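Along the sequence shown, the residues carry numbers beginning at 1. These numbers come from a predicted model, not from an experiment.
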Amino acid sequence: MLEEVERWLIERSWSVSDRPLHRLLAAKRASGQTVSVVLPALNEDATVGDIVSVIRHDLVLQVPLVDEVVVIDSGSTDRTSEVAAAAGARVVHRDAILPRVPAVPGKGEVLWRSLLVTRGDIVCFVDADLRDFSSDFVTGIVGPLLTEPGLQLVKAMYDRPMTPADGSTAGAGAGQGGRVTELMARPLLNMHWPQLAGFVQPLGGEYAARRSLLEQLPFPVGYGVELGMLVDALHLVGLDALAQVDVGVRKHRHQDGQALGRMAAAIYRTAQLRLARAHLLRPSLTQFERAGDAFEPRTYSVDTEERPPMRDVAEYQARRVA
């Protein structure tokens with residue numbers, strides 16, 4: 001590990017308990033900064049309501065830390081929108097945001113569009129499939145941005161236990177990342193961007209950043225958004241403007257091996273584009289499923305499209321003037 005990263009781990013890795021809530025409130029009042037929490041959601045009616053309820057109870061009604069909770073529904077076919085709205089979130093459908101640009105499937109697409117329908121100086125992203133959710137996820141990653149003016153982006157770190165539904169509890173040790181993190185993202189970062197090797201959960205969906213940074217970043221539309229954002233932020237603002245906070249344990253729905261394969265391919269492609277910004281053929285990934293006595297191929301396109309920095313979008317510029 002680079003000496004720079006060893007120092008960063010000491011100076012820029014914290015615990016949620018390092019910043020009590022009263023300190024965050026005092027910093028928020030003194031700075032006048034506003035906070036938006038965004039939940040990208042696709043068919044998450046089993047969990048999104050509980051997450052919204054906890055955030056609103058703890059950080060809106062009981063303590064005024066969060067100014068808005070917004071759920072961006074990216075085309076759910078279940079009751080995600082209804083459940084989120086009933087819990088107190090403002091629900092916006094992906095296709096209603098910037099309609100002149102046809103939406104494409106993908107998490108990064110939703111995060112990019114969320115900048116147009118939120119107002120916070122600090123934007124906090126939280127995945128909508130978390131179970132046993134604690135508001136520490138929000139206070140942990142928002143806190144350093146409120147108290148440390150030099151910081152630009154803060155990611156959550158956590159233990160990530162496997163569940164029996166995955167068929168195994170092997171490899172569920174404390175501090176380990178998910179399977180795509182350990183098999184794809186961490187090797188890529190260590191080999192190509194060693195300054196980022198200190199991030200415990202580089203692909204984690206819980207992170208907060210200043211709007212002034214987010215509006216300068218391109219957004220990979222799919223699964224590569226977290227890696228792309230981390231790499232681009234490093235180049236734009238430097239390692240010391242990035243940090244991570246231990247928020248405990250993250251429990252969520254795990255995906256099957258083939259879905260993880262598609263995720264890994266998208267992440268590799270995102271890294272590839274950043275290593276060499278040259279035109280390459282759109283790649284694809286072929287996987288196999290058993291059908292009777294044979295294996296049938298299934299070929300998927302790998303996400304390569306990216307959205308431009310939001311500050312370059314005319315509608316966003318017009319809103320800022322207004």
Side-chain angles (χ1 to χ4, degrees), residues 34-99 101-142 154-156 203-209 211 214-215 219-223 225-226 229 247 250-253 255 307 310 315-316 319:
T34 53
V35 177
S36 300
V37 176
V38 173
L39 283 76
L42 176 63
N43 294 329
E44 303 293 358
D45 62 2
T47 51
V48 68
D50 289 341
I51 298 171
V52 170
S53 294
V54 168
I55 296 172
R56 279 189 49 79
H57 175 270
D58 293 358
L59 304 178
V60 177
L61 302 176
Q62 197 168 64
V63 173
L65 187 73
V66 169
D67 298 281
E68 61 178 348
V69 182
V70 181
V71 170
I72 311 293
D73 190 330
S74 60
S76 298
T77 56
D78 64 2
R79 298 184 64 252
T80 289
S81 290
E82 294 86 343
V83 170
R90 177 161 62 95
V91 178
V92 184
H93 291 269
R94 176 198 63 195
D95 296 350
I97 307 171
L98 200 62
V101 180
V104 297
K107 179 183 180 182
E109 177 82 355
V110 175
L111 301 185
W112 181 72
R113 290 174 186 263
S114 76
L115 297 181
L116 265 168
V117 293
T118 55
R119 292 283 183 177
D121 302 305
I122 295 171
V123 183
C124 173
F125 298 117
V126 176
D127 281 350
D129 65 343
L130 304 187
R131 296 183 289 109
D132 301 332
F133 179 78
S134 166
S135 58
D136 284 352
F137 273 77
V138 175
T139 58
I141 55 181
V142 167
V154 181
K155 290 195 68 92
L203 299 185
E206 290 68 46
Y207 48 97
R211 177 177 294 273
L214 293 173
E215 66 187 15
F219 277 61
V221 299
Y223 286 127
V225 63
E226 274 84 25
M229 189 178 296
V247 297
R250 184 184 195 268
K251 299 178 181 178
H252 71 123
R253 184 187 68 251
Q255 301 194 55
R307 296 305 188 188
M310 186 56 80
E315 287 86 344
Y316 189 79
R319 192 191 75 162

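The shortest non-hydrogen separation linking I141 to A208 is O-CB, 3.7 Å. Across all non-hydrogen atoms, the minimal contact from T80 to A41 is CG2-CB, 3.7 Å. Minimum heavy-atom separation, M310 to W112: CE-O, 2.9 Å. The nearest pair of heavy atoms linking I51 to V126 is CG2-CG1, 4.3 Å. Closest non-hydrogen pair, V52 versus A84, comes out as CG1-O, 4.2 Å. For the pair D127 and P40, the tightest heavy-atom approach, listed with the atom from each and the gap, is OD1-CG, 4.3 Å.
With values rounded to the nearest 0.5 angstrom, E44 atom CD is found 5.0 Å from D129 atom CG. Between L214 atom CG and F219 atom CZ the span is 5.0 Å, to the nearest 0.5 Å. From F125, atom CZ reaches atom CE of M229 across 5.5 Å, with rounding to the nearest 0.5 Å. Here Y207 contributes atom OH and L111 contributes atom CG; the two are 4.5 Å apart, rounded to the nearest 0.5 Å. S114 OG to I72 CD1: the interatomic distance, rounded to the nearest 0.5 Å, is 5.5 Å. Taking CG of D136 as the reference point, atom CG of L59 lies at 9.0 Å (rounded to 0.5 Å).
The main-chain N or O of V123 is never found under 3.5 Å from a side-chain atom of S36 such that the two would form a donor-acceptor pair. Counting only distance, with no hydrogens or angles, the side chain of D78 and the backbone of D45 share a donor-acceptor pair below 3.5 Å. Of the possible polar contacts, one joining the R211 side chain to the G120 backbone as a donor-acceptor pair under 3.5 Å is found.
Among the candidates R250, E226, K155, the single residue satisfying the side chain to side chain contact (heavy atoms under 4.5 Å, CB included) test with E206 is R250.
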> Given D67 and T34, is the side chain to side chain donor-acceptor pair (under 3.5 Å) satisfied, shown in steps?
Replying inline: CA-CA 6 Å; D67 298 281; T34 53; 4.8 Å; no

>> Assess the residue pair V69 and L39 against the criterion (side-chain contact (heavy atoms from CB on, under 4.5 Å)); give the C-alpha distance rounded to whole Å, side-chain angles, the decisive distance to 0.1 Å, and a yes or no.
In response: CA-CA 8 Å; V69 182; L39 283 76; 4.2 Å; yes

>> Go through it in stages, so that I can follow the logic: the residues are I55 and F133, the test is side-chain contact (heavy atoms from CB on, under 4.5 Å), and I'd like the CA-CA distance, side-chain angles, deciding distance and then a yes or no.
In response: CA-CA 9 Å; I55 296 172; F133 179 78; 3.6 Å; yes

Give every donor-acceptor pair under 3.5 Å between a side-chain atom in residues 89-98 and any protein atom, sequence neighbours left out.
residue, atom, partner, partner atom, Å
R90, NH1, V117, O, 3.4
R90, NH2, E68, OE1, 2.9
R90, NH2, V117, O, 2.6
R94, NH1, S74, O, 3.1

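For R307, the side chain to side chain donor-acceptor pair (under 3.5 Å) partners two or more places apart in sequence, or in a different chain, are E109, E305.
Taking the side chain as every heavy atom from C-beta outward, N43 and T77 approach each other to under 4.5 Å.
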